[in-house]
**Q** 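Dropping a structure here in structure tokens format, bear with me for questions.
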Amino acid sequence: LLDTTLRDGEQAPGVSLSPDEKGEIARGLERAGVSVIEAGSACTGAGERRAISRGTDLDLEARVTSFCRGMRSDVDLALDCDVDGVHIVVPASDRHVEGKVGTSREANLEATAELVEYATDHDLWVEVIGEDGSRADLDYLEELMATALDAGADRTCFADTVGHTGPERTAEAVSRLAGPGPVSAHTHDDLGLGVANALAAVSVGADLVHCTVNGLGERAGNVALEEVAIALRHV
């Protein structure tokens, strides 16, 4: 399990965590057996970087990471925090490739490969997240994630960024991504399907699920860590 309470969870309305609070939560996640702790987004500001550095200073067994936009400067800021790895988020749907980022499919592939190579050259563990993957053309999503792996990424991630999809579409997408390399699932609960989508992803080859404690997160929240853990044990 990957816990993103300290990053995506903090995007819930009214949630603001101090560096000390983030350190305390990180220790709790470590005791719970979480494998990866996304400690924040280093590009957010100096205060966030202090909080991330607090997590990396704890010498946890869990991998401590930072969220990064598809920009070299974000990777540099994460490196300043001495993280173990980064989650590089790149646009996957045409709405994000063309509308949000203002680029083309081919340029997006090239930029993704270059950024992954830059991060791995600096000895970072790298996960590439295809943002808005649940609304992406699956042929292009598959090509984008294969490009990331070819460039040296350790894993890719299917992201239902806007809580748009259901178990059938999740299974179809993840089954295509799980062949070339390790794949994660990042699900939201806007339709009440966060756990169902996470389990669907696991059933077809995903081996890492992004969660938050109590389902904290923007809009309706991320999939809840405790619900996924218990569902996997019971179901």
Side-chain angles (χ1 to χ4, degrees), residues 2 4 7-12 38 40-44 65-75 77-78 86-119 126-151 153 155-166 168-178 180-181 183-191 193-194 197-198 200-201 206 208-210 212 217-223:
L2 176 152
T4 182
R7 198 275 301 178
D8 221 355
E10 198 177 24
Q11 293 179 207
E38 190 175 23
S41 182
C43 66
T44 302
T65 61
S66 172
F67 177 94
C68 293
R69 297 167 299 175
M71 303 168 64
R72 183 174 292 194
S73 59
D74 279 23
V75 175
L77 290 170
V86 290
H87 309 277
I88 298 174
V89 180
V90 298
S93 70
D94 288 334
R95 297 186 190 204
H96 281 222
V97 171
E98 299 168 1
K100 179 179 178 179
V101 179
T103 187
S104 66
R105 285 186 173 190
E106 187 57 40
N108 187 45
L109 294 174
E110 294 175 2
T112 298
E114 290 174 1
L115 194 56
V116 169
E117 289 170 357
Y118 181 76
V126 176
E127 177 183 65
V128 173
I129 302 174
E131 188 174 27
D132 202 25
S134 59
R135 295 191 296 182
D137 174 79
L138 290 187
D139 288 338
Y140 181 68
L141 179 64
E142 190 172 16
E143 182 181 9
L144 177 63
M145 297 295 95
T147 297
L149 291 171
D150 289 344
R155 61 170 48 247
T156 62
C157 178
F158 172 76
D160 185 22
T161 305
V162 297
H164 166 80
T165 197
E168 295 84 359
R169 174 73 168 183
T170 298
E172 180 184 6
V174 173
S175 65
R176 292 177 63 167
L177 301 181
V183 62
S184 313
H186 181 103
T187 65
H188 282 266
D189 212 30
D190 298 74
L191 301 177
L193 294 172
N197 287 334
L208 187 69
V209 177
H210 294 201
T212 62
E218 58 187 342
R219 305 186 317 275
N222 293 54
V223 68

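Here the structure is a predicted model, which is why all the values come from computation and not from measurement.
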**Q** Let me see the working for T65 and R7 under side-chain contact (heavy atoms from CB on, under 4.5 Å), right down to the final yes or no.
**A** CA-CA 10 Å; T65 61; R7 198 275 301 178; over 6 Å; no
**Q** Please confirm whether the backbone N or O of A107 pairs with a side-chain atom of T103, one donor and one acceptor, at under 3.5 Å?
**A** no
**Q** Return the NE2 to OG distance between H186 and S134, rounded to the nearest 0.5 Å.
**A** 10.5 Å
**Q** For G194, is there any backbone N or O sitting under 3.5 Å from a side-chain donor or acceptor partner on D189?
**A** yes
**Q** Could you pull out the closest heavy-atom pair between A159 and G130, with the gap in Å?
**A** CB-O, 3.7 Å
**Q** Using ring pair (Phe, Tyr, Trp, His ring centres under 6.0 Å) as the criterion, list what pairs up with Y118, not counting sequence neighbours.
**A** H122
**Q** What closest approach, in Å, do A153 and V116 show between heavy atoms, and which atom pair accounts for it?
**A**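 So the two residues come closest at N-CG1, 3.4 Å.
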**Q** Within the structure provided, determine whether L115 and R72 are in side-chain contact (heavy-atom separation under 4.5 Å).
**A** yes
**Q** What's the spacing between S41 OG and D74 CG if we round to 0.5 Å?
**A** 6.5 Å
**Q** Between Y140 and V97, is a side-chain contact (heavy atoms from CB on, under 4.5 Å) present by the stated rule, with each step listed?
**A** CA-CA 11 Å; Y140 181 68; V97 171; 4.3 Å; yes
**Q** Treating D190 as the side-chain partner and R219 as the backbone partner, does any N or O pair qualify as donor plus acceptor under 3.5 Å?
**A**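 Between the backbone of R219 and the side chain of D190 there is no qualifying donor-acceptor contact (under 3.5 Å).
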**Q** What is the minimum heavy-atom distance between A136 and A92, and which atoms define it?
**A** CB-O, 3.5 Å
**Q** Shortest non-hydrogen contact from I129 to H87?
**A** CD1-CB, 3.9 Å
**Q** Output the distance between atom NE2 (H96) and atom CG (N108), rounded to the nearest 0.5 Å.
**A** 12.0 Å
**Q** Would you give the length of the straight line joining atom CZ of F67 to atom CG of D8, rounded to the nearest 0.5 angstrom?
**A** 7.5 Å
**Q** With rounding to the nearest 0.5 angstrom, report the OG1 to NE2 distance, T165 to H188.
**A** 13.0 Å
**Q** Which residue pairs pass the salt bridge (charged side-chain N to carboxylate O under 4.0 Å, His left out) test with at least one member in residues 128-139, sequence neighbours excluded?
**A** K100-E131, D132-R135, D139-R176
**Q** Can you see whether H210 engages E127 through a side-chain donor-acceptor pair at a distance of less than 3.5 angstrom?
**A** yes
**Q** How long is the gap from CG on N222 to OG1 on T212, to the nearest 0.5 Å?
**A** 4.5 Å
**Q** Let me know which of V126, L149, V174, L141 forms a side chain to side chain contact (heavy atoms under 4.5 Å, CB included) with T156.
**A**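 It is L149, the one option of V126, L149, V174, L141 that forms the side chain to side chain contact (heavy atoms under 4.5 Å, CB included) with T156.
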**Q** Report, as yes or no, whether the 6.0 Å neighbourhood of atom CZ on R95 holds more than 12 heavy atoms from other residues, nucleotides or ligands.
**A**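 Open.
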**Q** Treating S66 as the side-chain partner and A42 as the backbone partner, does any N or O pair qualify as donor plus acceptor under 3.5 Å?
**A** yes
**Q** Can you tell if the side chain of V223 reaches within under 4.5 Å of the side chain of N197, non-hydrogen atoms only?
**A** no
**Q** I'd like to check the side-chain hydrogen bond (donor to acceptor under 3.5 Å, both in side chains) partners of R105; sequence neighbours left out, ordered by chain and number.
**A**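 R105 satisfies side-chain hydrogen bond (donor to acceptor under 3.5 Å, both in side chains) with D94 once adjacent residues are dropped.
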**Q** How close do P91 and L144 get, counting heavy atoms only, and between which atoms?
**A** O-CD2, 3.4 Å
**Q** Taking all non-hydrogen atoms of both residues, which atom of A113 and which atom of A151 are closest, and how far apart?
**A**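 Where A113 meets A151 most closely, the heavy atoms are O-CB, 3.7 Å.
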